[in-house]
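These figures come from a predicted structure and were not determined experimentally.
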Amino acid sequence: MTEPRYLTAVRESYDTVAAAYAERVKSPADLDPLSRGMLAAFAEVVRTAGLGPVGDLGCGPGKITAHLAEPGLSVLGIDLSPKMIALAGRARPDLDFAVGSMTATPLRDGALDGVLAYYSTHHTPPEVLPVVYAEFQRVLAPGGHLMLAGHVGEDEVLRPTQAYGGHPVSYESHLVPPERIAALLGGAGLEITARLLEEPGEGTMRRIATFLARKPVQP
């Protein structure tokens, strides 16, 4: 089966920028208070639900994966880029990392008590988002929790040619309205439990939406 062109572009681009990305992207301790607070809230609700495991899908070099492991959660990271996964594995050899796509993870049904998609779905074309959200729902155990965060917009498409220090990239970024994200999550069978919409301000030129959602427990 031929891989979708956008996945090839994302893999090749992040393989190219992997080292520069790992150097430039903030560590969790350096994030703004709201971002740190939402990550802490997600970790707490997952602990309450049953101590993990948590899948960090689109984990990049594993900085957030490692952060989630600190409170004692069982965490694994999955990313499309082999070079990102190699960096993550070298940084934290005690954690599990694997190459994989969010459209079809190498996980069994109901394998996770938590799924984190942290600034990792924006390269997905909007028409493919239902597939990604359905995969989140599939790998979550009943009662499991999702945290989805990223930039949002009014159906904007960004096509950068360089990133992270001038390295060439060929991916696109899709900024989808938060209301549509909420509707698609609901359509995938996930119940939204909280949402945060941050307006542009110091340090960011775009709105940021964070959603916490839960896979219902069937009666």
Side-chain angles (χ1 to χ4, degrees), residues 1-8 10-11 14 38-39 41-60 62 64-65 68-69 73-82 84-85 88 95-150 152 174 176-195 209-219:
M1 185 175 179
T2 303
E3 179 179 76
R5 184 176 301 175
Y6 83 93
L7 286 180
T8 302
V10 170
R11 176 187 291 107
Y14 279 101
M38 291 300 283
L39 284 168
F42 171 68
E44 180 62 23
V45 295
V46 173
R47 277 198 300 269
T48 301
L51 297 177
V54 174
D56 182 4
L57 306 186
C59 67
I64 300 294
T65 321
L68 288 178
L73 290 178
S74 172
V75 188
L76 60 93
I78 295 175
D79 197 273
L80 191 63
S81 164
M84 285 288 197
I85 289 297
L95 300 179
D96 292 328
F97 294 98
V99 175
S101 168
M102 285 187 289
T103 59
T105 67
L107 299 169
R108 60 175 174 80
D109 293 358
L112 303 174
D113 283 338
V115 166
L116 176 67
Y118 198 71
Y119 292 83
S120 60
T121 61
H122 57 283
H123 297 308
T124 306
E127 65 272 16
V128 185
L129 286 176
V131 176
V132 172
Y133 296 167
E135 183 67 0
F136 294 167
Q137 195 271 357
R138 182 188 71 80
V139 300
L140 276 173
H145 294 270
L146 165 73
M147 177 172 166
L148 172 67
V152 293
H174 302 270
V176 179
E179 298 81 7
R180 188 181 308 155
I181 294 174
L184 291 174
L185 288 172
L190 296 165
E191 297 176 344
I192 293 176
T193 57
R195 69 184 81 186
T210 304
F211 297 89
L212 296 180
R214 177 176 177 269
K215 181 174 178 176
V217 177
Q218 298 301 321

Using a 3.5 Å cut-off and no angle test, enumerate the donor-acceptor pairs between side-chain atoms of residues 125-132 and protein atoms at least two apart in sequence or in another chain.
none

| field | Gln137 backbone acceptor or donor facing Lys215 side chain under 3.5 Å | value | yes
| Just by modelled atom types, is the Ile85 backbone N or O under 3.5 Å from a matching donor or acceptor in the Asp79 side chain? | no
Identify the two heavy atoms, one from [X] and one from [Y], that lie closest to each other, and give their separation to 0.1 Å.
{"X": "Ala213", "Y": "Thr193", "result": "N-OG1, 3.9 Å"}
{"X": "Ala149", "Y": "Thr210", "result": "CB-OG1, 3.7 Å"}
{"X": "Ala188", "Y": "Ala134", "result": "CB-N, 4.0 Å"}

Indicate every side-chain donor-acceptor pair of residues 97-109 with a distance under 3.5 Å to a residue at least two apart or in another chain.
residue : atom : partner : partner atom : Å
Ser101  : OG   : Thr103  : N            : 3.1
Ser101  : OG   : Thr103  : OG1          : 2.7
Thr105  : OG1  : Glu135  : OE2          : 2.9
Thr105  : OG1  : Arg138  : NH2          : 3.4
Asp109  : OD1  : Arg138  : NH1          : 2.6

| query | Which residue pairs pass the salt bridge (charged side-chain N to carboxylate O under 4.0 Å, His left out) test when at least one of the two sits in residues 116-125, sequence neighbours left out? | reply | none
Check side chain to side chain donor-acceptor pair (under 3.5 Å) between [X] and all other residues, then give those that pass, not counting sequence neighbours.
{"X": "Arg180", "answer": "Asp155"}
{"X": "Tyr118", "answer": "none"}
{"X": "Thr65", "answer": "Asp56"}

| said: Taking the ring of Tyr14 and the ring of His123, is the distance between their centroids below 6.0 Å? | reply: yes
